[in-house]
Amino acid sequence: MDKAFMARAIQLSLENVSSGRGGPFGSVIVKEGVIVAEAANQVTATNDPTAHAEVLAIRQACQRFDCFELRGCDLYTSCEPCPMCLGAIYWARISKVYFGNLAADAAKIGFDDSAIYAEITQPHAEREIPMIQMMREEALAAFRAWEQNPGKIRY
């Protein structure tokens with residue numbers, strides 16, 4: 001069964017290339033042996049740098065289930081997830097990820113995430129895009145309000 005789901009993710013990636021709608025990436029989300037969401041990369045089609053196949057499939061599945069967690073769901077993706085998609089996968093609480101191509105394979109065709117992984121380990125001020133902290137005390141007001149909010153929805 002797993003091969004059929006991965007085959008569908010790969011098919012989505014191939015169809016996306018041939019249609020000219022986006023990059024060579026496809027993803028499906030499966031729950032209890034049924035595909036509940038599927039997507040292909042739409043970055044260039046929508047001018048949205050976050051429109052990766054995994055993120056779009058996660059959004060679709062969350063809308064379908066009307067929740068922000070996908071526990072019990074597996075993700076099949078045509079390529080090893082990038083750092084952004086990996087973050088979304090963890091936040092969504094996906095149970096398991098299956099992938100086809102390696103990040104190194106993607107890098108060979110111009111989709112290189114290694115610089116992002118390296119940036120994460122750098123001190124804020126030494127990153128390619130400097131990260132400058134400011135107004136921390138004022139910003140902490142929202143965190144304090146969150147802590148004290150009895151009606152908050154934890155995630």
Side-chain angles (χ1 to χ4, degrees), residues 5-6 9 12-13 16 21-32 34-155:
F5 300 135
M6 181 58 75
L12 288 166
S13 69
N16 211 43
R21 290 189 304 255
F25 305 97
S27 294
V28 299
I29 295 179
V30 174
K31 185 168 187 170
E32 297 172 357
V34 176
I35 293 176
V36 296
E38 61 179 39
N41 179 286
Q42 295 293 304
V43 170
T44 57
T46 61
N47 293 319
D48 178 355
T50 68
H52 290 201
E54 297 91 337
V55 170
L56 295 175
I58 288 168
R59 289 175 184 165
Q60 189 181 113
C62 287
Q63 287 176 355
R64 178 176 179 161
F65 295 126
D66 193 28
C67 68
F68 55 84
E69 287 189 357
L70 297 173
R71 293 180 198 275
C73 291
D74 296 334
L75 185 138
Y76 293 78
T77 186
S78 61
C79 187
E80 183 178 357
C82 75
M84 177 184 67
C85 293
L86 190 59
I89 288 163
Y90 275 93
W91 279 112
R93 315 298 196 278
I94 297 281
S95 295
K96 195 179 294 183
V97 175
Y98 299 88
F99 62 93
N101 295 310
L102 294 168
D105 299 324
K108 289 178 185 175
I109 62 163
F111 297 94
D112 191 354
D113 300 329
S114 61
I116 298 171
Y117 281 109
E119 283 287 294
I120 292 169
T121 64
Q122 295 298 315
H124 294 132
E126 294 177 23
R127 293 180 181 172
E128 184 176 326
I129 300 173
M131 305 283 168
I132 303 159
Q133 184 180 23
M134 59 185 290
M135 297 181 67
R136 180 171 181 252
E137 284 305 314
E138 293 84 348
L140 282 171
F143 283 9
R144 290 184 194 107
W146 172 260
E147 283 183 316
Q148 296 170 6
N149 180 354
K152 65 185 163 228
I153 298 172
R154 295 187 180 274
Y155 59 95

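- In terms of heavy-atom proximity, P81 sits nearest to I89 at CG-CD1, 3.7 Å.
- Considering all non-hydrogen atoms of both residues, C79 and E54 come closest at O-OE2, 3.7 Å.
- Distance CE/M131 to CD/E126: 13.0 Å, rounded to 0.5 Å.
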side-chain contact (heavy atoms from CB on, under 4.5 Å) between F65 and V36, worked out: CA-CA 9 Å; F65 295 126; V36 296; 3.7 Å; yes

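- Classification of the Y155-F68 ring pair by plane angle, with boundaries at 30° and 60°, yields perpendicular.
- Checking side-chain atoms of E128 against main-chain N and O of E119 turns up no donor-acceptor pair under 3.5 Å.
- A distance of 15.5 Å separates CG in N149 from CZ in R144, rounded to the nearest 0.5 Å.
- Screening D48, V55, N47, N16 for a side chain to side chain contact (heavy atoms under 4.5 Å, CB included) involving Q42 leaves a single residue, N16.
- We find the CZ-OG1 distance between R127 and T121 to be 8.0 Å, quoted to the nearest 0.5 Å.
- Taking SG from C85 and CD1 from I94, the interatomic distance works out to 11.0 Å, rounded to the nearest 0.5 Å.
- Around the OH atom of Y90, the shell of radius 6.0 Å holds no more than 12 heavy atoms that belong to other residues, nucleotides or ligands.
- Between the side chain of S78 and the backbone N or O of G26, at least one donor-acceptor pair lies under 3.5 Å.
- Counting all heavy atoms, side chain and backbone alike, K31 lies closest to R71 at NZ-O, 4.0 Å.
- Distance check: F25 CZ to E80 CD gives 11.0 Å after rounding to the nearest 0.5 Å.
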Trace of the side-chain contact (heavy atoms from CB on, under 4.5 Å) decision for H52 with M84: CA-CA 9 Å; H52 290 201; M84 177 184 67; 3.5 Å; yes

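- To the nearest 0.5 angstrom, Q122 atom CD is 13.5 Å from I129 atom CD1.
- Heavy-atom contacts from other residues, nucleotides or ligands closer than 6.0 Å to CD of E138 number more than 12.
- Atom CZ of R136 has 12 or fewer neighbouring heavy atoms from other residues, nucleotides or ligands inside a 6.0 Å radius.
- Nearest heavy atom pair, residue A40 against residue L12, reads CB-O, 3.9 Å.
- Using a 4.5 Å heavy-atom cutoff, the side chains of L70 and C62 are in contact.
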Full working for side-chain contact (heavy atoms from CB on, under 4.5 Å) between R64 and I29: CA-CA 11 Å; R64 178 176 179 161; I29 295 179; over 6 Å; no

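- Side chains of S13 and N101 form no contact here, defined as non-hydrogen atoms less than 4.5 Å apart.
- Contact between V43 and N41 at its shortest, heavy atoms only, is N-OD1, 3.2 Å.
- Residues C82 and F111 fail the side-chain proximity criterion, which asks for heavy atoms closer than 4.5 Å.
- Across all their heavy atoms, E147 and K152 have their closest contact at O-NZ, 2.8 Å.
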